[in-house]
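Below: the structure, in structure tokens.
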There are 2 protein chains.
Amino acid sequence: MAGTDQLSAVFSALADPTRRGILAELATRDATVTELTAPLSISMPAVSRHLKVLERAELISRSRSGKWRASRLEAAPLREAAVWIERYRRFWDSSLSRLDAHLAAVQAAARATDRMAGDPKELA
Amino acid sequence: MAGTDQLSAVFSALADPTRRGILAELATRDATVTELTAPLSISMPAVSRHLKVLERAELISRSRSGKWRASRLEAAPLREAAVWIERYRRFWDSSLSRLDAHLAAVQAAARATDRMAGDPKELA
DNA sequence: AATACGTTTAACACATTGGTTAAGTGAAGG
DNA sequence: CCTTCACTTAACCAATGTGTTAAACGTATT
């Protein structure tokens with residue numbers, strides 16, 4: 001999973017399109033493993049393990065009722081993922097702070113050029 | 001990487017704390033491989049491969065200048081990741097649409113209990 | 001009681017990942 | 001030149017991820 005921290009677990013869980021599909025499904029309704037498996041072209045054990053990954057990332061919770069296990073979306077960890085990504089918004093959202101991004105880019109480029117073309121000691 | 005689509009590549013790249021650290025560094029300035037390696041406790045080849053992962057996800061671009069290769073943050077793919085996650089905002093951000101989420105939850109529970117053999121209370 | 005159903009676990013195969021060290025490439029510089 | 005420097009590639013290893021099928025488990029059904 002790369003890291004063992006929460007954020008890594010969440011991003012890792014989101015890295016699989018099947019799991020993103022499951023989350024999308026759960027956004028509309030709680031669902032059993034069988035229901036989640038139906039539209040997919042993989043076996044139920046495979047889905048079961050995807051659910052375990054999502055559960056470990058705390059993106060879903062599961063309840064038992066007789067022989068059925070319902071999965072429910074738990075979106076809280078997505079908030080932290082969103083917070084992490086939002087810190088980079090100014091780098092893509094030029095309408096919000098075009099000047100910021102431009103200045104940052106220019107300054108970064110200048111520093112990089114200095115380091116790369118200029119005094120080698122700056123590299124240390 | 002789970003999937004070969006762009007989103008999977010991006011989330012997969014973000015799943016590693018070392019790579020997130022590299023992106024954070026590049027958010028402040030372009031940097032060479034050596035500079036990026038310095039604060040880390042891994043070898044330069046390891047960093048080089050992390051950069052390749054980031055490059056494949058198009059989260060960075062790289063330029064050559066003599067024997068130096070500078071990496072630059074390219075945040076555009078983060079926008080799509082943010083867009084994907086934002087679709088779930090209402091599930092965690094109760095202040096924005098508490099009613100929406102509540103209604104969705106109630107309806108989902110109702111549908112789920114209907115499907116689940118008619119015992120009305122297990123999911124509620 | 002016996003069977004069917006929903007789900008998980010086990011055992012296996014195979015690809016990918018993330019790290020290492022050592023060797024290769026190509027530009028810089030004495 | 002010939003070496004040094006920045007970086008990449010190759011070869012290898014251990015661990016993890018994703019899928020499979022078959023077996024196990026517990027509840028429902030008849």
Side-chain angles (χ1 to χ4, degrees), chain A residues 1-5 8-22 30-38 40-57 60-72 112-113 115-124, chain B residues 1-5 8-22 30-38 40-57 60-72 112 115-119 122-123:
Chain A
M1 175 201 304
T4 45
D5 54 297
S8 297
V10 170
F11 280 135
S12 185
L14 296 183
D16 187 295
T18 298
R19 286 193 291 264
R20 290 198 304 276
I22 290 174
D30 292 3
T32 66
V33 182
T34 299
E35 288 171 324
L36 291 172
T37 303
L40 301 174
S41 52
I42 59 178
S43 65
M44 183 149 25
V47 174
S48 190
R49 293 209 310 194
H50 278 304
L51 292 175
K52 192 180 290 185
V53 170
L54 291 170
E55 192 175 22
R56 212 174 60 215
I60 66 170
S61 62
R62 313 177 77 182
S63 60
R64 309 175 78 191
S65 169
K67 56 182 174 181
W68 295 279
R69 300 203 64 186
S71 296
R72 155 170 305 182
T113 304
R115 282 195 310 278
M116 294 171 61
D119 189 341
K121 275 171 267 178
E122 290 183 58
L123 275 175
Chain B
M1 175 198 302
T4 45
D5 54 297
S8 297
V10 170
F11 280 135
S12 184
L14 296 184
D16 187 295
T18 299
R19 286 193 290 265
R20 291 199 303 276
I22 289 174
D30 292 3
T32 65
V33 183
T34 299
E35 288 171 324
L36 291 171
T37 302
L40 301 175
S41 52
I42 59 178
S43 65
M44 181 150 22
V47 173
S48 189
R49 293 208 311 194
H50 280 304
L51 292 175
K52 192 180 289 185
V53 170
L54 292 170
E55 193 174 22
R56 213 175 59 216
I60 66 170
S61 62
R62 312 177 75 181
S63 60
R64 306 181 63 187
S65 169
K67 56 182 174 181
W68 295 278
R69 301 203 62 184
S71 296
R72 155 168 305 180
R115 283 193 313 279
M116 291 172 64
D119 187 328
E122 51 230 4
L123 278 177

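For clarity, every value in this text was computed on a predicted model and none was experimentally measured. Naming: A, B, ... by sequence-line order, numbering from 1 per chain.
In terms of heavy-atom proximity, B:P17 sits nearest to A:D5 at CG-OD1, 4.0 Å. What you find for A:A13 and A:L54 is that their closest heavy atoms are CB-CD2, 4.1 Å. Among all heavy-atom pairs drawn from B:R19 and B:S12, the shortest one is NH2-O, 3.2 Å.
At whole-Å resolution of the value, CD in A:E55 and P in C:dT9 are 10 Å apart. In this structure, the CZ atom of B:F11 is 17 Å from the P atom of C:dT17, given to the nearest Å. If you take CD1 of B:I22 and P of C:dG18, they are 11 Å apart, rounded to a whole angstrom. Remark: C1' of D:dA6 and CG of B:L36 are 13 Å apart, rounded to the nearest angstrom. For B:L51 and D:dT9, the CG to C1' distance is 15 Å, given to the nearest whole Å. Remark: P of D:dC13 and CD1 of B:I42 are 21 Å apart, rounded to the nearest angstrom. Atom CE in B:M44 sits roughly 18 Å away from atom P in D:dA10 (whole-Å rounding).
Within the 4.5 Å cutoff, side-chain heavy atoms of A:H50 are placed close to those of A:I42. At a threshold of 4.5 Å between non-hydrogen side-chain atoms, the residues B:R69 and B:L51 do not count as touching. Counting only heavy atoms from C-beta outward, the side chains of B:E55 and B:S71 never approach each other to under 4.5 Å. Between B:R62 and B:V33, some side-chain heavy-atom pair lies under the 4.5 Å cut-off.
Under the 3.5 Å distance criterion, the side-chain polar atoms of B:S65 are left unmatched by any main-chain donor or acceptor of B:W68. Distance alone, capped at 3.5 Å, is enough to place a donor-acceptor pair between the A:S8 side chain and the B:A15 backbone.
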Short N/O separations, protein against nucleotides 14-17 of chain D, under 3.5 angstrom:
unit_1 : atom_1 : unit_2 : atom_2 : d
D:dT16 : O3'    : A:M1   : N      : 3.2
D:dG17 : OP1    : A:M1   : N      : 2.9

Would you list the protein and nucleotides 21-28 of chain D atom pairs, both N or O, that sit under 3.5 Å from each other?
unit_1 : atom_1 : unit_2 : atom_2 : d
D:dA28 : O4'    : A:K67  : NZ     : 3.4

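Separation of atoms CD1 (A:I22) and OG1 (A:T37) is listed at 7.5 Å; rounding is to 0.5 Å. Here the NZ atom belonging to B:K67 is positioned 11.5 Å from the OG1 atom belonging to B:T32, to the nearest 0.5 angstrom.
For the pair A:R49 and D:dG19, the criterion of a side-chain N or O lying under 4.0 Å from OP1 or OP2 is not met. For D:dC7, neither phosphate oxygen OP1 nor OP2 lies less than 4.0 angstrom from any side-chain nitrogen or oxygen of B:S48. Residue A:T34 places no side-chain N or O under 4.0 Å from the OP1 or OP2 atom of C:dG6. Under 4.0 angstrom from either OP1 or OP2 of D:dT8 there lies at least one side-chain N or O belonging to B:R62. Between A:H50 and D:dG19 there is a side-chain N or O to OP1 or OP2 distance below 4.0 Å. Of the side-chain N and O atoms in A:K52, none sit less than 4.0 angstrom from OP1 or OP2 of C:dT7.
The terminal axes of the helix from C:dA1-D:dT30 to C:dG30-D:dC1, fitted over 5 pairs per end, subtend an angle of 0° to the nearest 10°.
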